[in-house]
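Proteins get letters first, then strands, A, B, ... in listed order; numbering begins at 1 in each.
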Amino acid sequence: MRDVAVIGVGMNKWGELWEIAIRDLLAESALLALDDAGIDSVEAMYIGCMTSGLFTDQEHLGSMGPDYSGICPVPGTRVESACASGGAAFRAAFMHVASGMGDIVMAAGVEKMTDVDGGGATFALATAADQEYEVYNGITFPGLYAMMANHHMNKYGTTRDQLAQVSVKNHANGFNNELAQFRMKLTLDQVKNSVMVADPMTLLDCSPITDGSAAVILCSLDKAKELTKKRLVKVIGSGHASDTIQLAQRENLSYLKSTELAAKQALDMAGKKITDIDFAEVHDCFSIAEIMVIEALGIAEVGKGGPATMDGVTAFDGKFPVNPSGGLKSKGHPVGATGVAQIVELTKQIRGDLDKNRQLKKADIGLAQNMGGSGASSVVHILEGV
Amino acid sequence: MVGIVGYGAYIPRNRIKVEEIAKVWGADAPSYKRGLQLREKSVPSPDQDTITMSVEATKNALKRAEIDPQDIGAVYIGSESHPYAVKPSGTVLAEAIGATPDCHCADYEFACKAGSEGMFVAMSLVKAGEMKYALGIGADTSQGAPGDALEYSASAGAAAFIFGKENVLAECLYTHSWMTDTPDFWRREHQFYPSHGGRFTGEPAYFRTIMGCAKALLEKSKMKPEDFAYAVFHQPNGKFPMTVGKRIGFKTEQMEQGWLCPTLGNTYSGASPIGLTSILDVAKPGDLIFMVSYGSGAGSDGFIFKATDKLPGVQNKAVHTRAMLDSERRKYLDYGTYSKFRGKIKLRGE
Amino acid sequence: MSAPKYWREMAQRYRFEAVKCKKCGRVLFPPRLVCPACKSREFENTRINDKGTIETYTIVRIPPSQFTDEAPYPVAIVNMGDNVRVLCQVADCEPEELKIGMPVRLEFRKIQQEGSSGILAYGYKCVPE
Ligand SMILES: CC(C)(COP(=O)(O)OP(=O)(O)OC[C@H]1O[C@@H](n2cnc3c(N)ncnc32)[C@H](O)[C@@H]1OP(=O)(O)O)[C@@H](O)C(=O)NCCC(=O)NCCS
Ligand SMILES: [Zn+2]
């Protein structure tokens with residue numbers, strides 16, 4: 001396997017983007033990433049997208065992506081693993097370059113979610129769960145994570161405030177991120193008193209419905225040295241694991257086994273321990289998710305993710321900053337784009353590209369964790385500045 | 001010996017009080033309570049219908065019968081509220097209890113006597129030796145038009161009876177059916193609510209038909225009202241069954257156990273069958289039971305059952321009908337929720 | 001609701017039909033082609049219990065489009081014993097009654113219906129025991 005680096009990243013402001021269609025939404029980030037890398041084409045494009053069909057009636061992004069990004073006839077491949085589609089697309093692009101199959105490949109992610117109404121979006125997102133044994137019976141995504149939250153609270157004594165603190169922390173980070181969808185600071189009371197979505201998850205425990213995209217350019221390390229003068233950001237670890245698609249069939253209803261396994265693969269590949277990592281971007285689709293993720297990654301002990309969050313371990317200036325971008329909660333969660341946007345954030349932090357209030361003090365090694373469904377698939381990547 | 005080898009009922013948890021309905025329509029609740037002897041009625045949840053209640057009643061019957069559902073040769077659901085206009089209710093039921101595929105199935109419809117019709121045919125097929133067991137069910141989630149007198153009574157419930165020849169709980173000694181063409185109550189195709197002939201539903205319809213059937217049945221059996229431990233009649237309201245029973249010669253004590261209408265309402269095809277389950281819950285070996293149903297249009301099915309010594313052993317194998325009727329988990333609905341549950345609110349796009 | 005999609009799940013939704021691994025005894029609901037525990041592909045037919053206890057729950061207040069008229073409604077993951085859990089709605093239960101560890105029983109209910117002309121889709125919900 002060859003060494004691979006990220007040499008270009010692109011992402012625009014996320015939100016309710018009424019004026020832009022999925023074709024240009026995807027192309028915008030692709031063009032920004034090409035510009036950032038200083039190139040005008042790549043050899044292949046991987047596109048993470050969960051369900052453009054249900055959200056916009058548009059499939060076949062494998063053609064539309066290269067076409068509107070101006071890189072036709074480059075081959076395009078859509079990668080789907082629900083909300084982990086972006087992370088999986090990045091991994092596919094990484095494997096493409098690492099294997100020697102190609103030198104320069106783009107990984108992009110997109111989701112255009114606001115062309116349907118709230119019920120339609122909830123329906124589309126629920127297709128990530130088991131249709132016949134979960135969704136048939138009326139469960140939603142916030143509902144699945146709410147059941148995990150209740151289980152976690154009951155089993156480990158996690159409190160309502162600890163859950164809410166995840167949102168408070170991530171909004172504090174996102175407040176400084178000019179690309180984030182929701183740039184407002186929150187208090188614990190605001191989170192707890194917002195509209196109930198699925199008990200105990202309120203609106204402000206949930207990631208929002210977002211239009212957005214992101215793209216990154218991967219390149220073999222040797223070639224990258226010729227192409228760019230920016231700090232090289234090497235992909236030192238990649239891991240990917242699955243779990244039962246039904247939440248009900250997991251041994252522990254509030255533990256993310258797929259995240260633990262994907263992280264172990266990535267850390268082993270990188271030859272690192274979790275304590276060697278400086279910061280992480282993780283999949284906080286709901287407040288409880290971040291608590292379970294930091295437990296599965298080993299940032300906090302199992303059952304102690306709540307207190308660790310409350311104690312500021314994962315805060316911007318904490319021992320192990322988590323979601324300095326604002327995370328899915330504040331930055332937004334255009335599902336297929338999220339995993340790629342995490343790589344964008346890691347790269348920017350490692351290169352030291354960000355404004356003073358956004359730039360972490362120490363950011364040489366970063367970890368990205370992206371998951372699909374109720375944790376039924378997880379992708380973990382580790383990037384290091386060289 | 002042919003008779004009932006398993007029986008069970010199902011009554012939903014929701015109730016609405018007569019006062020709550022009367023309040024909305026400016027009607028006089030005390031006069032309904034006194035005149036028609038109605039206090040409250042059961043209401044199905046939006047996720048309950050004739051099929052779901054039939055399945056649950058049958059599961060209770062199977063708990064008592066302890067037979068292999070594969071041996072059930074026929075399933076007959078009698079109802080005026082089959083959820084589909086075209087497509088049988090009985091197929092869903094048969095699939096749910098595991099009686100498919102070697103099984104005869106038909107949905108019956110004869111206003112409020114569809115349930116006893118199903119029982120009658122099920123019993124006859126077993127008696128004829130056509131099959132080992134047959135299932136007859138009466139179930140309804142009936143609707144009365146908002147503000148109509150029927151709205152105070154139309155309710156929901158189901159009763160299921162498995163007929164067979166072995167381990168009989170109540171032997172079927174005699175039956176009789178009596179019918180004429182009497183248009184006292186009807187619902188035309190595509191109409192949501194039924195229409196009725198007001199006071200014409202009383203003397204020339206309900207009373208004449210039940211009396212005709214009861215008299216013929218007593219003559220056939222050479223029995224007298226005082227021979228019976230229990231009697232149950234179709235109960236469109238609380239008053240009619242007591243009145244007709246007394247005219248035939250029965251006493252209040254014989255009728256009370258099966259008289260559920262004051263707090264259950266009129267479960268249409270389920271009415272006298274559910275009353276019968278309540279009687280079977282307490283009857284002793286040797287007790288004679290007299291039942292006459294009534295369906296508008298109009299006809300009655302009459303049955304005489306005799307409890308056997310097998311009955312006491314199974315009474316507690318499933319929930320008693322009165323326990324469901326008087327359950328502590330009853331939930332009283334306001335008229336708004338009741339209207340939503342019953343689909344009485346006109347929604348966008350329909 | 002597509003009729004064939006609904007129809008092929010009937011044995012599980014109506015009668016809780018499951019399979020039991022002949023090698024390790026694991027009960028699988030719904031049935032699978034291979035046992036995830038021991039990789040055996042030999043099974044015998046069985047059924048899951050209709051009684052269980054609630055292991056976790058929520059109340060769905062913002063539903064998917066096809067459940068708009070029902071919301072809010074509770075949903076639970078119920079442990080049916082034999083290492084089998086099912087996810088289903090909780091019927092006949094007030095939100096404040098819901099508790100982890102609560103005993104429940106599965107009842108036959110209508111789960112979905114498509115407008116006023118589509119098929120009626122039945123299945124199980126749990127009710128307080
Ligand atoms: C939580 C959720 C149900 C809210 O949807 P909704 O009830 O339709 O909310 P609305 O769109 O009516 O928004 C109400 C207000 O809250 C804001 N808002 C919506 N979601 C928000 C969120 N997650 N965080 C902060 N604010 C939010 C809206 O901008 C709006 O503000 P305004 O009144 O000032 O314009 C929806 O965002 C959701 O489903 N999120 C989960 C997405 C998901 O499951 N992703 C996959 C996870 S793996
Ligand atoms: Zn096995």
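Residue A/Leu125: no heavy atom, backbone or side chain, is found under 4.5 Å from chain C. Looking at A/Ala146, the atoms closer than 4.5 Å to chain C (heavy atoms on both sides) sit in the backbone and in the side chain alike. Both the backbone and the side chain of A/Tyr136 come within less than 4.5 Å of a heavy atom of chain C.
Between the side chains of A/Tyr133 and C/Glu9, at least one donor-acceptor pair of N or O atoms lies under 3.5 Å.
Between C/Gln112 and A/Val135, the shortest heavy-atom distance links the atoms NE2-O, 4.4 Å. Nearest heavy-atom pair across C/Phe29 and A/Gln249 is O-NE2, 3.0 Å.
Comparing A/Leu247, A/Ile139, A/Val195 by heavy-atom pairs within less than 4.5 Å of chain C, the highest count is held by A/Ile139.
Classification of A/Glu132 and C/Arg8 as a salt-bridged pair fails, no side-chain N sitting under 4.0 Å from a carboxylate O.
Side-chain contact between A/Met147 and C/Ile77 is present, with heavy atoms from C-beta onward closer than 4.5 Å. Using a 4.5 Å heavy-atom threshold, the side chains of C/Glu55 and A/Leu253 count as touching.
Shown here is C/Lys110, whose NZ atom has more than 12 heavy atoms of other residues, nucleotides or ligands within 6.0 Å. In C/Glu129, the CD atom is crowded: over 12 heavy atoms of neighbouring residues, nucleotides or ligands sit closer than 6.0 Å. Environment of NZ in A/Lys264: sparse, with no more than 12 heavy atoms of neighbouring residues, nucleotides or ligands closer than 6.0 Å. Around the CG atom of C/Asn83, the shell of radius 6.0 Å holds no more than 12 heavy atoms that belong to other residues, nucleotides or ligands.
At least one donor-acceptor pair closer than 3.5 Å links the side chain of C/Arg85 to the backbone N or O of A/Glu251. A donor-acceptor distance shorter than 3.5 angstrom exists from the side chain of C/Tyr73 to the backbone of A/Gly138, with no hydrogens or angles considered.
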Could you please spell out the steps behind the side chain to side chain contact (heavy atoms under 4.5 Å, CB included) verdict for C/Val75 and A/Thr140? CA-CA 10 Å; C/Val75 177; A/Thr140 58; over 6 Å; no
Just do the side chain to side chain contact (heavy atoms under 4.5 Å, CB included) check on C/Thr58 and A/Tyr145 with the steps written out, would you? CA-CA 9 Å; C/Thr58 185; A/Tyr145 277 92; over 6 Å; no
